[in-house]
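Below is one structure, written out as structure tokens; comments come after it.
Residue numbering restarts at 1 for every chain, and letters A, B, ... go by the order of the sequence lines. Because only heavy atoms are used, hydrogens play no part in the values below, and waters and symmetry mates are left out as well, while side chains stay in.
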Number of protein chains: 2
Amino acid sequence: MLLEATLRASDHRMTRPRRVVWDVLNSTGRHLSAAEIVDAVHELDPGINSSSVYRTLGLFADLDLVRESRLTDEASTWEVAHPDDVIHLVCSLCGATTHHATDAVDALRTQLGAGSDFHAAGIDVRVTGTCSNCITRLHD
Amino acid sequence: MLLEATLRASDHRMTRPRRVVWDVLNSTGRHLSAAEIVDAVHELDPGINSSSVYRTLGLFADLDLVRESRLTDEASTWEVAHPDDVIHLVCSLCGATTHHATDAVDALRTQLGAGSDFHAAGIDVRVTGTCSNCITRLHD
DNA sequence: ATCCCTGCAAACTATTTGCACGGGA
DNA sequence: TCCCGTGCAAATAGTTTGCAGGGAT
């Protein structure tokens with residue numbers, strides 16, 4: 001119901017493409033590229049045009065319902081918005097992205113508030129490296 | 001001379017496009033989009049093709065001479081490589097990007113090394129917010 | 001009944017690639 | 001001399017936009 005409420009509150013209509021895109025984003029906890037979202041949407045309803053998916057993602061981003069991340073250098077990915085003390089660990093071998101909660105972000109925010117004259121709104125942390133699966137695989 | 005040495009060490013030739021792109025990247029401390037780099041290169045030598053600029057940026061990235069950052073959602077930007085405990089503050093009003101040194105990154109790296117089973121290689125921190133200039137401008 | 005949102009198709013733009021020549025080693 | 005890197009032009013791919021009709025309110 002979060003979706004419908006947010007849409008109504010911002011004078012937008014509840015439509016089928018918007019619901020389907022929302023369902024797709026929520027049914028996988030994963031990060032999805034635009035192309036993956038388009039595919040998943042088509043699986044649920046082949047009639048929905050990809051331009052509608054793009055427009056919907058843009059709208060959701062404006063409403064802070066989803067977040068676009070440039071995790072890799074290849075494509076940007078989308079996911080349901082989450083607090084920004086959840087950071088991203090991106091495995092450069094298998095490409096898997098996991099979330100990791102940390103207080104380092106809060107520490108940084110405090111530090112910025114005190115020391116610099118920059119007012120921080122959002123903090124994005126991306127860690128590239130090797131995930132546990134790939135580490136153990138390398139040991140074979 | 002860092003450029004020539006690095007190129008030779010990796011069996012690459014020193015050519016005019018490579019030198020010009022390197023000069024452009026070093027003459028501004030700023031973050032430059034690919035388009036800005038192409039323009040600046042053309043100002044120095046209109047004969048250099050943009051595809052060479054792209055190829056050169058790719059090569060420099062492979063050699064860790066420069067770094068591609070997806071700071072904003074619009075375009076990716078390039079800059080001379082720097083240690084990754086230098087984080088980026090991006091002003092969402094004027095778009096200016098500044099650097100900020102912090103130990104929070106080291107703290108995070110330590111935390112990751114101890115707690116999780118993810119081996120961190122690189123850490124990228126992007127802070128969006130309002131820079132001091134824009135803050136004071138808002139107070140008028 | 002109104003007009004927002006959609007599907008469709010075309011446009012756009014940034015980046016990549018194939019190829020033959022010229023310049024660096 | 002050798003062959004890597006270049007300029008050129010065409011191809012590619014992801015995303016955006018104009019338009020007219022249909023659906024949400």
Round to a whole Å and report the spacing from [atom1] of [X] to [atom2] of [N].
| X | N | atom1 | atom2 | result |
| --- | --- | --- | --- | --- |
| R13(A) | dA1(C) | CZ | C1' | 11 Å |
| R18(B) | dA25(C) | CZ | P | 10 Å |
| D62(A) | dC5(C) | CG | P | 12 Å |
| R8(B) | dG5(D) | CZ | P | 12 Å |
| L59(A) | dC5(C) | CG | C1' | 11 Å |
| M14(A) | dA24(D) | CE | P | 11 Å |
| R16(A) | dG22(D) | CZ | P | 18 Å |
| L7(A) | dC4(C) | CG | P | 15 Å |

Taking side chain to side chain contact (heavy atoms under 4.5 Å, CB included) as the definition, give me every residue that meets it alongside V105(B), ordered by chain and number, with sequence neighbours left out.
D85(B), I87(B), T102(B), R109(B), I123(B), V125(B)

With sequence neighbours excluded, residues passing side chain to side chain contact (heavy atoms under 4.5 Å, CB included) with L93(A)
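Counting only residues at least two positions away or on another chain, L93(A) forms a side chain to side chain contact (heavy atoms under 4.5 Å, CB included) with C91(A), T130(A), C134(A), L138(A).
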
Ignoring hydrogens and angles, write down the donor-acceptor pairs under 3.5 Å from the side chains of residues 14-24 of chain A, residues two or more places apart or on other chains.
residue	atom	partner	partner atom	Å
R16(A)	NE	D45(A)	OD2	2.6
R16(A)	NH2	D45(A)	OD2	3.4
R18(A)	NH1	R13(A)	O	2.7

With N49(B), which residues qualify under side-chain hydrogen bond (donor to acceptor under 3.5 Å, both in side chains), at least two apart?
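Testing N49(B) for side-chain hydrogen bond (donor to acceptor under 3.5 Å, both in side chains), a comparison that skips the adjacent residues, returns S51(B).
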
Is it possible for you to say whether L65(A) and Y54(A) belong to one hydrophobic cluster, with membership spreading through side-chain heavy-atom contacts below 4.5 Å?
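Hydrophobic grouping puts L65(A) apart from Y54(A).
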
same_hphob_cluster(V90(B), V86(B)) at 4.5 Å side-chain heavy-atom cutoff
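No, no single cluster joins them.
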
Give, for atom CG of D103(B) and atom CG of L108(B), the distance between the pair rounded to the nearest 0.5 Å.
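One finds 11.5 Å between CG of D103(B) and CG of L108(B).
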
Overall bend - the helix from dA1(C)-dT25(D) to dA25(C)-dT1(D), comparing terminal axes fitted on five pairs, nearest 10 degrees:
40°

With a 4.0 Å cut-off on heavy atoms, is A35(A) in touch with a base, just the backbone sugar-phosphate, or nothing at all?
nothing

Please give me the minimum heavy-atom distance between H42(A) and S50(A), naming the atom from each residue.
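So the minimum-distance heavy-atom pair works out to NE2-N, 4.5 Å.
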
Heavy-atom closest pair, residues E36(B) and H31(B):
OE1-O, 3.9 Å

Within residues 40-58 of chain B, which residues have any heavy atom lying less than 4.0 Å from an atom of DNA chain C?
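Within residues 40-58 of chain B, the residues near DNA chain C are S51(B), Y54(B), R55(B).
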
Would you indicate, yes or no, if dT6(C) has its OP1 or OP2 atom less than 4.0 angstrom from a side-chain nitrogen or oxygen of T15(A)?
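Indeed, a polar side-chain atom of T15(A) lies that close.
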
Just N and O in the side chain of H12(B): are any of them under 4.0 Å from OP1 or OP2 of dG5(D)?
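Result: yes.
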
